[in-house]
Amino acid sequence: MVRQRQTRPGRVYQTVTALLNHRIFPDVKVQQPIWYKVIESIPPSEILTRPLPPQHKTPNPRVRRPSRLFQPQKLVYEEDGLRKTFYRDHPWELARPRMIIEMDGKDSRRFNWSKGLRQPGMPLCGESVVQRQMWMMHSDPSITTEQAYDIVRREFYALRHEEDVQRRIAQEEAQYVGAYFGRSFLNVGMQLEDQQYEQWKNWAGKQIEGIQAEQNAAYTTFGDEPAEAENLDVDEATGEPDAEILP
């Protein structure tokens, strides 16, 4: 038996549109389904065969299995390797707060990385190092990735040192006029670490006392069992009943 091709699922948009335009009660307002606009903009495929996804690079048949042939390939950009190298060497830069809100999605076009790491409207971060390094590599083809990274890294260290000096001077000036600052993040972290250490030390002391008490109890009872065994009768030890004495 030959089965016919099922085309109803692919025409769901046309069917719903016809039902909305030809209602039994024209005066009654019918709400459109939530997925109606989505199906209108992205209609289902009319080809029953599964097409291949866009190939960004030539697949290696030895590495990629046939079962993964229809899976989308990973998008790998040039900046990914540079970011991985930078944040591997500077993991604490990930702990700094960042603002990822963009105005119109074209903020990167307003940056001119030939002028340095500082850009208007963008705080100094690891992305500045990555973009500056990539610009240096493209502007001078003779320079290697390691050389560009070393140059930009030194610029980044100088700017971070400048920010630390400005922050320290601002704090000293504020303290001079009577400002008071609480504990820093480092002091708070050290205090929490000391509390956890004290709790662990109390717990470890109780554990050691319990183990020592068990050991002392085992040594104090040692030697009592043989003395009790000597006082036992042979019949009691073997469990045999006493023989009856005949007259």
Side-chain angles (χ1 to χ4, degrees), residues 37-47 49-173 184-186 189:
K37 294 295 183 181
V38 180
I39 294 295
E40 182 182 4
S41 58
I42 309 175
S45 176
E46 297 181 358
I47 303 175
T49 58
R50 190 175 183 180
L52 287 174
Q55 303 295 317
H56 306 286
K57 59 181 180 180
T58 305
N60 188 358
R62 297 182 179 179
V63 178
R64 198 172 189 184
R65 293 179 296 181
S67 59
R68 298 183 179 180
L69 184 63
F70 296 98
Q71 292 183 357
Q73 292 184 344
K74 293 184 179 180
L75 298 178
V76 181
Y77 296 95
E78 185 180 3
E79 300 91 328
D80 297 339
L82 306 180
R83 292 192 188 99
K84 184 178 180 180
T85 302
F86 176 80
Y87 288 112
R88 181 190 58 193
D89 299 338
H90 310 83
W92 284 105
E93 285 296 324
L94 295 173
R96 294 180 179 270
R98 289 189 56 189
M99 181 179 295
I100 58 176
I101 299 177
E102 297 182 354
M103 297 300 177
D104 54 358
K106 302 178 181 179
D107 297 349
S108 59
R109 300 181 182 179
R110 305 186 184 97
F111 300 148
N112 187 5
W113 297 108
S114 61
K115 297 182 179 180
L117 291 175
R118 291 193 182 276
Q119 298 295 327
M122 180 179 181
L124 184 63
C125 60
E127 189 65 22
S128 304
V129 177
V130 172
Q131 297 298 331
R132 170 74 171 170
Q133 179 184 0
M134 190 169 59
W135 173 86
M136 191 172 296
M137 293 167 54
H138 291 175
S139 60
D140 189 3
S142 62
I143 193 172
T144 61
T145 304
E146 292 76 13
Q147 293 175 352
Y149 176 67
D150 188 62
I151 296 173
V152 179
R153 180 173 56 86
R154 295 179 184 276
E155 297 177 0
F156 178 75
Y157 292 162
L159 294 176
R160 281 291 187 217
H161 180 68
E162 181 181 349
E163 290 181 354
D164 293 339
V165 172
Q166 293 178 356
R167 191 181 303 109
R168 191 181 306 113
I169 293 175
Q171 183 178 1
E172 292 177 357
E173 291 178 351
S184 62
F185 293 104
L186 182 60

Is a side-chain donor or acceptor of Gln119 paired with a backbone partner of Gly116 at a separation under 3.5 angstrom?
yes
Interatomic distance, Gln133 atom CD to Leu82 atom CG [nearest 0.5 angstrom]:
4.5 Å
Gly126 and Tyr87: which non-hydrogen atoms are nearest, and at how many Å?
CA-OH, 3.5 Å
Taken to the nearest 0.5 Å, the spacing of Phe111 CZ from Glu127 CD works out to 9.5 Å
For Lys115 against Arg132, the heavy-atom pair lying closest together
N-NH1, 4.2 Å
Can you tell if the side chain of Glu40 reaches within under 4.5 Å of the side chain of Lys37, non-hydrogen atoms only?
yes
Looking only at heavy atoms, the pair that brings Leu124 and Leu159 closest together is CD2-CB, 3.6 Å
Just so I know, are the side chains of Asp164 and Arg167 near enough to count as touching, which here means a heavy-atom distance under 4.5 Å?
yes
For a 4.5 angstrom cut-off between non-hydrogen side-chain atoms, does Arg160 reach His90?
no
Does any non-hydrogen side-chain atom of Met122 lie less than 4.5 Å from one of Ser128?
yes
Under the side chain to side chain contact (heavy atoms under 4.5 Å, CB included) rule, what do Arg83 and Asp80 come out as? Steps first, then yes or no, please.
CA-CA 5 Å; Arg83 292 192 188 99; Asp80 297 339; 3.3 Å; yes
Does a side-chain heavy-atom distance below 4.5 Å link Glu93 with Phe156?
yes
Taking salt bridge (charged side-chain N to carboxylate O under 4.0 Å, His left out) as the test, write out the residues that go with Glu162, two or more places apart.
none
Kindly list each side-chain donor-acceptor pair under 3.5 angstrom involving residues 145-152, sequence neighbours excluded, with atom names and distances?
| from | atom 1 | to | atom 2 | distance (Å) |
| --- | --- | --- | --- | --- |
| Tyr149 | OH | Asp89 | OD2 | 2.8 |
| Asp150 | OD1 | Arg153 | NH2 | 2.3 |
| Asp150 | OD2 | Arg154 | NE | 3.3 |

